[in-house]
Amino acid sequence: MAEVERTPHTRTASYLAEVGEVSRVLLLYSGGLDTSVMLKWIQDEYEAEVVTLTVNLGQPGEDYELVLDKARRIGAIDTFVVDAREEFAREYVVPAIKANALYNGAYPLFTALGRPLIAKLAVEYARQAGCDTIAHGCTGKGNDQVRIEATIATLAPELKVIAPVRGWQMGRDEEIAYAQKHGIPVKGATEAVPPYSIDDNLWGRSSEGRWIEDLDHAPDDDVFQLVTRPEEAPDEPELVSVEFERGVPVGLNGERLEIVELIERAGALAARHGVGIVDHLEDRIVGLKVRDIYEVPAAALLLTAHQELEKLVGTIHQNQFKPQLDRQWAYLVYAGLWWEPLRSDLDAYMNAVNEQVTGTIGLKLYKGVARVVTRESPNAVYDAALATFSESGGLFSQQASPGFIELWSLQSRMAWQLRQRAAQDART
Ligand code: ARG
């Protein structure tokens with residue numbers, strides 16, 4: 001196939017900003033190497049002012065004073081930090097719990113849930129601060145660019161976007177050299193092994209890069225910074241109960257907790273017992289297949305409990321049907337379409353089902369496993385007297401069962417006979 005000639009300035013999307021169109025940029029700033037280099041680079045390259053926004057979604061061990069200070073030193077004219085933990089938990093994580101959200105049955109979507117909120121906040125702050133453009137640090141290979149730019153283009157068609165990392169040819173070493181040349185402080189610049197690429201928030205943590213890209217390389221111990229390795233976990237199991245009201249977790253071990261604290265505590269409990277390690281081969285939305293190491297203790301505990309409670313209060317028909325919608329919900333959110341109306345359509349269904357999801361699930365945490373051991377709900381579609389082996393009678397008449405079986409299996413039996421006859425005819 002012939003190479004297509006393209007100048008670097010060809011606009012591939014209407015929302016992308018050209019040099020000359022930009023006067024004030026809101027930069028989504030983490031304080032890390034990429035976005036610090038961007039902060040300086042945008043000022044020089046676009047001759048634009050830069051305002052930074054840093055969003056707290058509950059990523060542990062972050063010093064926001066340091067991040068703010070660094071942004072000012074690199075020339076930001078204004079700097080904002082927003083604590084969005086509550087909004088993240090309520091408006092993004094709770095709907096994910098109601099939808100038992102696991103992409104590919106394994107990834108609880110913490111990054112995918114965080115990006116639309118981060119981008120929504122970027123839009124709000126950009127408008128407030130009089131910016132014409134939003135800049136972010138995503139590469140051209142990931143899902144995050146899709147989630148962020150789809151959000152901005154949806155919510156704020158008037159704003160433009162720049163994604164310098166996607167365009168510039170700098171690798172890590174060149175970025176470090178650029179930073180050093182411009183007096184940008186870099187931590188870990190002298191480390192022989194580059195660090196893992198980490199993304200984390202309240203709902204989980206991912207590691208990428210280094211040996212993780214070798215599919216036949218089993219995880220090195222040093223990747224696990226959140227969850228205790230199961231072999232190191234306590235020798236004694238621990239019981240934990242999770243209380244739900246209408247699909248929302250509201251208590252742990254009988255203690256009522258606000259949602260952010262509940263998620264944090266659930267995460268700490270599960271992490272201690274090695275629960276929530278996922279070694280995931282993932283189909284990205286941009287076509288790549290990659291491997292991620294996830295540490296998702298809170299999600300492993302709360303999703304397991306929620307799913308079990310839902311099963312207890314749902315009918316066989318609801319329980320057969322909902323996983324299909326759960327899967328669609330997770331896929332949409334993974335794929336960056338948080339603002340797609342189908343997502344809110346699906347939420348309406350999730351909310352309807354979750355009206356009944358009230359009760360308590362007990363789990364036993366032990367060396368990497370969270371196993372459900374007790375279930376209780378006022379809405380349980382369960383009657384021990386009916387299910388018991390010890391007696392019969394009441395609402396359930398066993399005498400009716402053969403009649404049911406005869407009709408239930410009618411079409412299957414007819415089809416079976418037809419195929420038998422056809423096979424016989426073929427033989428003779
Ligand atoms: N693979 C996950 C996702 O696409 C997590 C990616 C986290 N890494 C990152 N640099 N954002 O949602």
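Atoms within each ligand, like the ligands themselves, are counted from 1 in listed order. Heads up: numbering here begins at 1 and tracks the sequence. On a predicted model such as this, the values are computed, not experimentally measured, just so you know.
Legend: residues meeting side chain to side chain contact (heavy atoms under 4.5 Å, CB included) with Arg419, ordered by chain and number and at least two apart, are Ala415. In this structure Lys289 satisfies the salt bridge (Lys or Arg N to Asp or Glu O under 4.0 Å) test together with Asp283, sequence neighbours excluded. Residues passing the side-chain hydrogen bond (donor to acceptor under 3.5 Å, both in side chains) test with Lys70: none are found, sequence neighbours excluded.
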N/O to N/O under 3.5 Å, ligand 1 against protein:
residue: ligand 1; atom: 1 (N); partner: Glu282; partner atom: OE2; Å: 2.7
residue: ligand 1; atom: 1 (N); partner: Asp292; partner atom: OD2; Å: 3.3
residue: ligand 1; atom: 1 (N); partner: Tyr294; partner atom: OH; Å: 3.0
residue: ligand 1; atom: 4 (O); partner: Asn143; partner atom: ND2; Å: 2.8
residue: ligand 1; atom: 4 (O); partner: Arg147; partner atom: NH1; Å: 3.3
residue: ligand 1; atom: 4 (O); partner: Arg147; partner atom: NH2; Å: 3.2
residue: ligand 1; atom: 8 (N); partner: Glu208; partner atom: OE1; Å: 3.4
residue: ligand 1; atom: 11 (N); partner: Arg115; partner atom: NH2; Å: 3.4
residue: ligand 1; atom: 11 (N); partner: Asp144; partner atom: OD2; Å: 2.5
residue: ligand 1; atom: 12 (O); partner: Tyr107; partner atom: OH; Å: 2.5
residue: ligand 1; atom: 12 (O); partner: Arg147; partner atom: NH1; Å: 2.8
residue: ligand 1; atom: 12 (O); partner: Arg147; partner atom: NH2; Å: 3.0

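Inspection of the Gln225 and Arg205 side chains reveals no N or O donor paired with an N or O acceptor under 3.5 Å. With no hydrogens or angles considered, a side-chain donor-acceptor pair links Ser30 and Thr35 at under 3.5 Å.
Arg291 places no side-chain N or O within 3.5 Å of a backbone atom of Asp279 that could act as its donor or acceptor partner.
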